[in-house]
Amino acid sequence: MTQNFDYDLLVIGAGSGGVRAARKSAEFGARVAVIEEAALGGTCVNLGCIPKKLYVYASEYAAAWRDSAGFGWQSEGITFDWNTLRDNKSKEIARLNAIYERLLEAPGVEIIEGRGRLTGPQEVAVGDAHYCARKILLATGTWPVLPDIPGIELALTSNEIFDLPQLPERLLIVGGGYIATEFASIFSGLGSSVTQSYRGELFLRGFDHDLRVFLAEEMQKAGVDLRFNHHVTALQLDRSGAGIVAHFSDGEAAFDVVLFATGRRPNIAELGLEHTGVTLNDRGYIAVSSDFQTGEPTIYAVGDMTGGWELTPVAIGEAMAFAQTQFGGQPSRMDYDCIPTAVFSQPPIGTVGLTEEAATAAGHAVAVYESNFRPLKHTVSGSEQRTYMKLIVDQVSDRVLGAHMVGSDAGEICQGLGIALKLGATKADFDRTVGIHPTAAEEFVTMRTPRG
């Protein structure tokens, strides 16, 4: 490779996508450096997937203790200590940060600490230092955005919510996406009184409608105060200065903490795009080709900042395809078909493939199979929580187009179903598969009658 540059590849951003691209490119023999101004691992490790899932686990224990009574366990006097959870979470993240550092250093990736700023098509400045590279990869992800309403400076985003000094008794969460919905379940499970406010008719837009309706009912049964077609117009400190009064479209209420989870935008402020030919699409994300090339031929971008599937495994898959194509001599494309995903609400959602609405809009004549039941566990626990499953089947080809679930272990179950859908499984394939009894998952292979 040419020696006219400091590096063959310079990566800005050491999140999941940036780290994977840097590491694999170095393993292929490229001279690589990665620039990061914060902790290694990006949003997923530090402010997203990992701490969130740890908090999900913590929040599930309260219901588990309640359910245990029907099985003979005596659980009086159980208490929760927020500081223990928060501090143990921080220790785990520090451990993961160190692992990411070793993953980069092992193949020889140089880690440059600081904010990277493009100064040209092949040059990046970090403070007073300038670095040149044959190719540059942008992998800076997204960042929470807040609406312009009076008192918005009193609100927190998902970046700050993990490290509160104490568990709030009264929490307002504004937003209807998966982040808002997950945190509503988390803090409700931990013992907070939670109100979730969303301006739309129903949260989780883009997911299957039946799942959204079912989850709303289950969350309301669990004690979350869901308010749809609802607007927060202003925030202000209460008279004591310790609480926050939220002004709604239908009144007002006081809270200890207000979390806004109303959207994220590409983290491109001060990135120096104006010094390059990099362009944005009509939604404000970095515009890229199928090979992740931007409008500037030497600059590429992967992950959330390109506006596709904003999922860690997708960013990693894109990074792998990039490294294999650019430095591994293995031209690759990311396959976005049948990507499984989950919402770690309580109960959780697992989903893969087309929703009923998307399948119909695509012209498929669909048959819908569904099951709504009380899991065996709760016939003894006394919990009223139910499980819902749904298959979307093309009536012409018999291919299963989508599989959706709300209930315990939904994410784990739909990961396996993702393989089946990826291989083009038909409803007949599902029907002749023997179920594991007694499990909830067996319902996916025992649904025989389509919905009328």
Side-chain angles (χ1 to χ4, degrees), residues 53 55-75 78 178 181-182 184-186 188-191 194 203-204 207-224 226 340-353 355-356 368-393 400 402-421 427 430-431 433-451:
K53 192 64 182 292
Y55 281 29
V56 167
Y57 289 137
S59 67
E60 291 173 337
Y61 280 100
W65 281 120
R66 289 194 300 270
D67 293 346
S68 71
F71 293 90
W73 290 93
Q74 303 300 312
S75 55
I78 299 298
Y178 73 92
T181 304
E182 290 173 336
S185 288
I186 287 170
S188 178
L190 293 176
V194 177
F203 58 13
L204 296 176
F207 286 82
D208 189 273
H209 181 77
D210 289 330
L211 267 69
R212 299 161 68 196
V213 171
F214 186 87
L215 179 62
E217 294 172 351
E218 293 298 302
M219 287 179 63
Q220 287 169 330
K221 285 195 301 187
V224 177
L226 293 177
T341 190
V343 178
F344 295 108
S345 49
Q346 294 181 23
I349 284 178
T351 182
V352 58
T355 65
E356 181 180 353
V368 176
Y369 297 79
E370 58 185 352
S371 181
N372 183 331
F373 59 95
R374 190 181 187 189
L376 174 63
K377 174 182 178 180
H378 296 319
T379 63
V380 173
S381 76
S383 170
E384 294 299 319
Q385 187 178 103
R386 299 184 66 82
T387 291
Y388 176 72
M389 296 176 174
K390 182 175 183 179
L391 289 176
I392 312 300
V393 180
V400 179
H404 312 280
M405 175 180 175
V406 182
S408 297
D409 300 317
E412 306 290 345
I413 292 169
C414 285
Q415 176 67 81
L417 293 178
I419 301 172
L421 267 64
K427 183 62 170 63
F430 274 60
D431 292 344
T433 299
V434 176
I436 301 173
H437 183 73
T439 65
E442 69 178 313
E443 287 289 314
F444 274 117
V445 297
T446 57
M447 292 186 279
R448 294 290 186 267
T449 305
R451 184 177 68 193

[X] to [Y] - nearest heavy-atom pair and separation:
X	Y	result
Ala410	Gly350	CB-N, 3.4 Å
Ala222	Ser188	O-OG, 3.9 Å
Cys414	Ala403	SG-O, 4.4 Å
Pro340	Gly418	CG-CA, 4.0 Å

More than 12 heavy atoms of other residues, nucleotides or ligands under 6.0 Å from [atom1] of [X]: is that the case?
X	atom1	value
Ile78	CD1	yes
Glu370	CD	yes
Tyr61	OH	no

For [X] and [Y], indicate whether the former's side chain and the latter's backbone hold a donor-acceptor pair under 3.5 Å.
X	Y	value
Ser185	Gln346	yes
Arg448	Asp431	yes
Ser68	Trp65	yes

Residues in ring-ring contact (aromatic ring centres under 6.0 Å, His included) with Phe444, at least two apart?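 For Phe444, no residue satisfies ring-ring contact (aromatic ring centres under 6.0 Å, His included) once neighbours in sequence are set aside.
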Residues in ring-ring contact (aromatic ring centres under 6.0 Å, His included) contact with Tyr55, at least two apart in sequence or another chain: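 Once residues adjacent in sequence are excluded, the partners of Tyr55 under the ring-ring contact (aromatic ring centres under 6.0 Å, His included) criterion are Trp82, Phe162.
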With sequence neighbours excluded, residues passing salt bridge (charged side-chain N to carboxylate O under 4.0 Å, His left out) with Glu218: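 Only Lys221 meet the salt bridge (charged side-chain N to carboxylate O under 4.0 Å, His left out) criterion with Glu218.
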Results of salt bridge (charged side-chain N to carboxylate O under 4.0 Å, His left out) for Glu356 - residues two or more places apart only: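 For Glu356, the residues satisfying salt bridge (charged side-chain N to carboxylate O under 4.0 Å, His left out) (neighbours in sequence not counted) are Lys390, Arg451.
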Please round to the nearest 0.5 Å and tell me the distance separating atom [atom1] of [X] and atom [atom2] of [Y].
X	Y	atom1	atom2	value
Ile413	Thr439	CD1	OG1	7.0 Å
Asp409	Gln415	CG	CD	13.0 Å
Tyr388	Glu443	OH	CD	12.5 Å
Phe203	Tyr178	CZ	OH	15.5 Å
Met389	Glu442	CE	CD	9.0 Å
Leu226	Met219	CG	CE	5.0 Å

Does any part of the side chain of Met447, heavy atoms only, come nearer than 4.5 Å to the side chain of Phe430, both counted from C-beta? no
Are Val56 and Glu182 side-chain neighbours, meaning at least one heavy-atom pair lies under 4.5 Å? no
Applying the side-chain contact (heavy atoms from CB on, under 4.5 Å) test to Asp208, which of Val406, Thr355, Ile349 qualifies? Thr355
Going through the distances and angles, do His404 and Phe207 end up as a side chain to side chain contact (heavy atoms under 4.5 Å, CB included)? CA-CA 9 Å; His404 312 280; Phe207 286 82; over 6 Å; no
Could you give me the CA-CA distance, side-chain angles and deciding distance for Thr341 and Thr351, then say whether side chain to side chain contact (heavy atoms under 4.5 Å, CB included) is met? CA-CA 6 Å; Thr341 190; Thr351 182; 3.4 Å; yes
Qualifying salt bridge (Lys or Arg N to Asp or Glu O under 4.0 Å) pairs, either residue in residues 58-68, two or more places apart: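 Pairs touching residues 58-68 that pass the test: none.
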Could you note down all residue pairs passing salt bridge (Lys or Arg N to Asp or Glu O under 4.0 Å) where residues 374-383 supplies at least one of them, sequence neighbours left out? Arg374-Glu384
Residues Leu391, Val368; criterion side chain to side chain contact (heavy atoms under 4.5 Å, CB included); working and verdict: CA-CA 6 Å; Leu391 289 176; Val368 176; over 6 Å; no
Kindly determine whether Thr181 and Leu215 satisfy side chain to side chain contact (heavy atoms under 4.5 Å, CB included), including the steps that lead there. CA-CA 10 Å; Thr181 304; Leu215 179 62; 4.1 Å; yes
